[in-house]
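What follows is one structure encoded as structure tokens, with my remarks underneath.
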Protein chains: 2
Amino acid sequence: MPAQVPIPGQPVRGSKSGKPIMALFDLLGRSWALGVLWQLSEGGLTFRALQDRCEMVSPTVLNRRLKELSASGLVARGEDGYALTEAGQELYALLRPFGPWAQSWAAMLNGMDRD
Amino acid sequence: MPAQVPIPGQPVRGSKSGKPIMALFDLLGRSWALGVLWQLSEGGLTFRALQDRCEMVSPTVLNRRLKELSASGLVARGEDGYALTEAGQELYALLRPFGPWAQSWAAMLNGMDRD
DNA sequence: TATATTTGCTACCCAAAGCGTAGCGAATCT
DNA sequence: AGATTCGCTACGCTTTGGGTAGCAAATATA
């Protein structure tokens, strides 16, 4: 049985109720899911290109994530490889502020326990 | 060797460069990390209460996530159990819009391939 | 004070997910 | 034709996650 894709409305890892937010967290809480969305934000990438951008992802996992993200309507394969769908772009828009926030978070962490 | 906590600036799962966003994605891309932040948004919860809210989390994993999130300065233990730190609340603020978005995403998915 | 309950875990062990490497068939370049 | 690139899949190993049991400390109860 192949890996299950979390679909809102159906029980998923971590939620019998299948609440959409839990299905989403299940989907995004898998290795490289967030990273893939992030890398695809600037435009379509081929499988290999994506693999290169994500330095340490194995083709096995990348392929699994791409299938899941496709089944969830966030990513689709087009002319220029894999790209975000409209929904994927919406989600990325929500994700984008994480970039700058991560910067200040890093600064804070360095300040509090470095040296 | 205990589980490694992704710290920005140091190589993490998925990034030799240790880019903050990658460290963050590594941290959040683990089972229940997002769910825990979500559940703690409304106030502090004891370990057991948190465990109940997250219906299907084992104490093993919950404890691991809490340690990681604590080490990352997003969660801390206080009077009333575990609670979001200031940084955790900032991150939650970025996360909150995912709730409504997940709703419309669910609606879209049901519309496109159900029946 | 003794007992019972709750809390915050840890140990243990099995299952699932992830990783690394190799490589294959199809398409594209030379 | 030969070489390279592309999108994967197979395989075996390591890491992570999950389920259950249970323990020591704190708190409630008698």
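Letters A, B, ... mirror the listed sequences (proteins, then strands); counts begin at 1. Please read all numbers here as calculations on a predicted model, not as lab measurements.
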Apply side-chain contact (heavy atoms from CB on, under 4.5 Å) to the pair A:Trp101 and B:Ile21, showing each step before the final yes or no.
CA-CA 8 Å; A:Trp101 185 86; B:Ile21 188 66; over 6 Å; no
From D:dG7, C:dC9, C:dG18, nucleotide with atom closest to A:Arg30 side chain
C:dG18
Verify the contact: side-chain N or O of A:Ser31 to OP1 or OP2 of C:dG18, cut-off strictly under 4.0 Å; return yes or no.
yes
Option among A:Leu37, A:Leu69, A:Leu91 that satisfies the side-chain contact (heavy atoms from CB on, under 4.5 Å) test with A:Leu84
A:Leu37
Give a yes/no on whether any side-chain N or O of A:Lys67 is located under 4.0 angstrom from OP1 or OP2 of D:dT9.
yes
Atom pair distance, as rounded to whole Å: CG in B:Asp26 and C1' in C:dG18
12 Å
Once you round it to whole Å, what is the distance between C1' of D:dT27 and CD of B:Glu79?
15 Å
Please state how far atom CD in A:Glu55 lies from atom C1' in C:dG20, giving the value in whole angstrom units.
16 Å
Can you check the A:Arg64 CZ to C:dG20 C1' distance for me, whole Å?
13 Å
What is the distance from CG of B:Leu66 to P of C:dG8, rounded to the nearest Å?
10 Å
Counting heavy atoms from C-beta on, name the nucleotide in D:dG18, C:dC9, C:dA17 closest to the side chain of B:Arg77.
C:dC9
Using the six-membered ring wherever Trp is involved, compare the ring planes of B:Trp38 and A:Phe25 and label them parallel, tilted or perpendicular (cut-offs 30° and 60°).
perpendicular
Over how many whole Å does the gap from B:Gln51 atom CD to D:dG18 atom P extend?
12 Å
Grab the CH2-P distance between A:Trp32 and C:dG18 for me, whole Å please.
12 Å
Below 4.5 Å, heavy atoms only, C-beta onward: do A:Trp32 and A:Leu50 meet side chain to side chain?
no
Do the side chains of B:Thr85 and B:Val75 get nearer than 4.5 Å, heavy atoms only?
no
With nearest nucleotide decided by heavy atoms, which residue, B:Arg48 or B:Val61, maps closer to the 5′ end of DNA chain D?
B:Val61
note: B:Asn63, atom CG; C:dT7, atom P; distance rounded to Å ~ 16 Å
5'-most contact on DNA chain C (nearest-nucleotide basis), B:Gly81 vs B:Thr60, goes to B:Gly81
Between C:dC19, D:dC8, C:dT10, which nucleotide has the shortest distance from any of its atoms to the side chain of A:Pro59?
D:dC8
Taking any heavy-atom pair under 4.0 Å as a contact, classify B:Thr46: base, sugar-phosphate, or nothing.
sugar-phosphate
